[in-house]
Amino acid sequence: MKLALLSRSPNSYSTHRLKSAALERGHTCKVLNTLRFAIDLAGGEPDLQFRGKRLSDYDAVLPRIGASITYFGTAVVRQFEQMDVYTPNTANGIANSRDKLRATQILSRHDIGIPATSFVRDKADVLPAIELVGGAPVVIKLLEGTQGIGVILAPDKKVAEAIIETLQSTKQNVLIQQFITESKGRDIRALVVGDRVVGAMRRTAQGDEFRSNVHRGGSVEAVQLTAEYEETAVRAAQIMGLRVAGVDMLEGNDGPLVMEVNSSPGLEGIERATDLDIAGAIVDYIANQVAFPELDVRQRLTVSTGYGVAELLVREGAELVGTTLGDSGLRERDITVLTLHRDRAVIPNPRMSRVLEANDRLLCFGKLDEMRDMIPARRKRRARVRKLPDDALHFHDE
């Protein structure tokens with residue numbers, strides 16, 4: 001394949017290793033400075049210019065987009081997608097992961113463990129937000145900080161309030177997050193490629209430093225993850241829309257807590273800690289997937305009037321429970337089941353002999369009118385009014 005590496009640092013360890021791994025496998029690989037592209041929308045189809053000339057054809061692109069050029073970098077990646085060039089990390093995936101608030105919002109919807117988090121703007125809401133995440137000490141994070149920059153541990157409420165007010169006065173947006181005491185200045189970085197973890201390391205902060213980033217002087221050691229940590233890392237990356245990602249997790253008392261999903265993970269620390277060819281695993285994955293460029297499936301499938309994509313719920317006690325997909329009558333109603341979600345398992349292209357169970361969720365394409373009565377109700381928020389105790393309605397004589 002012909003691979004484009006989008007990077008402004010051709011001599012960095014990660015870029016050098018990825019290029020070397022591609023060349024060793026017989027691929028053609030070019031390192032292209034992301035900022036030297038021009039997005040060409042003047043012709044009849046999407047195109048790109050590079051250094052003032054029309055870009056030659058590429059089979060795949062691997063973005064290494066720095067935080068300082070997120071907007072322009074994701075625009076370039078999006079243009080590659082419009083040109084049907086395969087990328088393991090989509091523009092939306094990169095944008096989702098780069099904004100810590102957006103990433104946390106997405107993960108919180110999908111049963112992924114995260115530290116308790118709050119986001120406020122008004123000064124009057126700061127102290128209630130600190131209490132909402134469990135009280136001091138709290139971690140304060142800039143939304144787009146990297147390598148531990150913009151992450152502050154506030155030991156008490158007054159210090160936290162002062163820090164937040166100062167940052168907000170400089171037009172900075174900050175997250176207020178629970179401090180996971182039991183992590184003891186340690187975290188785990190899992191390198192996800194496709195649907196598996198290809199390497200993992202534990203990072204430990206030095207001295208009184210609570211941030212374990214290697215750039216902050218943290219030490220690293222290889223670690224063998226349990227199935228729970230592996231599954232959490234892979235699901236977090238996939239939910240974010242990334243197929244190559246570094247997933248940072250804290251070791252909480254109740255299991256893994258995802259702190260961040262990094263779309264451009266550094267390879268030096270994890271390759272040296274694990275002594276594994278992580279760069280080679282990334283290149284091999286891209287080579288295996290290059291024939292399947294990213295598609296906006298929902299957009300492609302909703303161009304027919306009256307048809308669309310929907311997630312349907314097999315409700316408890318419904319006639320579908322206990323029947324096979326073939327006998328469900330869905331095909332007769334012009335509904336095609338694409339995937340079946342059961343608990344945390346995903347069954348793609350399920351067979352007609354598959355027996356449906358209560359609470360199965362079916363990702364379907366078909367007539368919207370036919371699917372309307374099976375769409376699950378919106379999740380209810382917690383009740384605002386507490387239920388009265390049983391004796392609260394008893395009248396007492398004077």
Side-chain angles (χ1 to χ4, degrees), residues 1-38 47-67 69 72-74 76-91 93-94 97 147 189-201 214-215 220 222 237 242-247 262-294:
M1 67 173 172
K2 187 175 180 182
L3 173 66
L5 274 178
L6 300 190
S7 174
R8 298 170 66 203
S9 305
N11 297 319
S12 71
Y13 178 93
S14 299
T15 303
H16 173 73
R17 281 287 296 119
L18 288 163
K19 182 177 180 179
S20 297
L23 297 177
E24 288 168 4
R25 286 159 172 76
H27 305 300
T28 301
C29 183
K30 298 287 186 182
V31 179
L32 305 178
N33 185 337
T34 313
L35 293 182
R36 294 305 307 271
F37 282 94
D47 209 343
L48 280 165
Q49 303 278 327
F50 183 71
R51 296 183 183 271
K53 297 180 181 179
R54 187 174 185 234
L55 183 71
S56 59
D57 290 334
Y58 282 87
D59 300 306
V61 57
L62 178 58
R64 304 280 303 176
I65 305 297
I69 62 164
F72 186 78
T74 52
V76 171
V77 175
R78 191 177 302 112
Q79 190 73 348
F80 272 108
E81 293 175 46
Q82 305 312 307
M83 296 161 59
D84 289 334
V85 177
Y86 174 75
T87 175
N89 289 349
T90 65
I94 296 168
S97 64
Q147 299 175 353
R189 159 67 64 89
L191 209 299
V192 175
V193 178
D195 58 1
R196 66 192 183 107
V197 173
V198 297
M201 63 181 178
V214 175
H215 291 85
V220 299
L242 303 172
R243 295 298 178 265
V244 174
V247 180
N262 193 321
S263 62
S264 298
L267 303 183
E268 185 172 9
I270 197 161
E271 284 200 336
R272 290 181 174 170
T274 62
D275 199 28
L276 295 172
D277 182 11
I278 305 294
I282 294 172
V283 171
D284 288 341
Y285 175 78
I286 294 173
N288 287 330
Q289 298 293 317
V290 74
F292 304 98
E294 190 72 23

Identify, with sequence neighbours excluded, every residue that meets salt bridge (Lys or Arg N to Asp or Glu O under 4.0 Å) alongside Arg196. none
With a 4.5 Å cut-off on side-chain heavy atoms, are Leu48 and Tyr58 touching? no
Tightest non-hydrogen contact, residues Val85 and Val61, listed as CG1-N, 3.9 Å
Just how far is it from atom CG of Leu3 to atom SG of Cys29, taken to the nearest 0.5 Å? 4.5 Å
Nearest non-hydrogen partners of Val244 and Asn89, listed with the distance: O-ND2, 2.8 Å
Taking side chain as C-beta onward, heavy atoms only, is Leu32 less than 4.5 Å from Arg51? no
Can you tell me how far apart OH (Tyr285) and CG (Leu62) are? Round to the nearest 0.5 Å. 12.0 Å
Determine all donor-acceptor pairs shorter than 3.5 Å in which one atom belongs to a side chain in residues 262-270; sequence neighbours excluded.
{"unit_1": "Asn262", "atom_1": "OD1", "unit_2": "Ser264", "atom_2": "N", "d": "2.8"}
{"unit_1": "Ser263", "atom_1": "OG", "unit_2": "Arg98", "atom_2": "NH2", "d": "3.4"}
{"unit_1": "Ser264", "atom_1": "OG", "unit_2": "Ile65", "atom_2": "N", "d": "3.3"}
{"unit_1": "Glu268", "atom_1": "OE2", "unit_2": "Arg272", "atom_2": "NH1", "d": "2.4"}
{"unit_1": "Glu268", "atom_1": "OE2", "unit_2": "Arg272", "atom_2": "NH2", "d": "3.2"}

Criterion side-chain contact (heavy atoms from CB on, under 4.5 Å) on His27 and Ile286, from CA distance to verdict: CA-CA 11 Å; His27 305 300; Ile286 294 173; over 6 Å; no
Indicate yes or no: at least one non-hydrogen side-chain atom of Arg17 is less than 4.5 angstrom from one of Val283. no
State the CG-CD distance between Asp47 and Gln79, to the nearest 0.5 angstrom. 7.5 Å
Should Glu271 and Tyr13 be marked as a side-chain contact (heavy atoms from CB on, under 4.5 Å) after you check the CA-CA gap, both sets of side-chain angles, and the distance that decides it? CA-CA 10 Å; Glu271 284 200 336; Tyr13 178 93; 2.7 Å; yes
When rounded to the nearest 0.5 angstrom, what distance separates CG in Leu276 from CD1 in Ile278? 5.0 Å
For Arg36, enumerate each residue passing the side chain to side chain donor-acceptor pair (under 3.5 Å) test, keeping only those at least two apart in sequence or located in another chain. none
Counting C-beta onward and ignoring hydrogens, is there a side-chain heavy-atom pair between Arg64 and Leu6 closer than 4.5 Å? no
Test of understanding: with side chain to side chain donor-acceptor pair (under 3.5 Å), list the residues that count as partners of Lys30, not counting sequence neighbours. none
Polar side-chain atom of Glu81 near backbone of Ala91 as donor-acceptor pair, under 3.5 Å: yes
For atom CZ of Arg54, is the number of surrounding heavy atoms from other residues, nucleotides or ligands below 6.0 Å larger than 12? no
State which residues pass side chain to side chain donor-acceptor pair (under 3.5 Å) with Arg78; sequence neighbours excluded, sorted by chain then number. none
Identify the heavy atoms of Asp277 and Arg25 that sit nearest to each other, and give their distance. OD2-NH2, 3.2 Å
Check: Gly93 main-chain N/O paired with Ser97 side-chain donor or acceptor under 3.5 Å: yes
Mark yes or no for whether Ser7, through its side chain, and Val31, through its backbone, hold a donor-acceptor pair below 3.5 Å. no
Which is it for His16 and Leu5 under the side-chain contact (heavy atoms from CB on, under 4.5 Å) test, yes or no, and what are the steps along the way? CA-CA 10 Å; His16 173 73; Leu5 274 178; over 6 Å; no
NZ/NE/NH1/NH2 to OD/OE distance under 4.0 Å, Lys2 and Asp57: no
Show your reasoning for whether side-chain contact (heavy atoms from CB on, under 4.5 Å) applies to Val76 and Phe37. CA-CA 7 Å; Val76 171; Phe37 282 94; 4.0 Å; yes
Nearest atoms (heavy-atom pairs only) where Phe72 meets Thr34: CE2-O, 3.3 Å
Shortest non-hydrogen pair, Thr274 vs Ala200, comes out as CG2-O, 3.5 Å
Excluding sequence neighbours, so at least two apart, what forms side chain to side chain donor-acceptor pair (under 3.5 Å) with Thr74? none
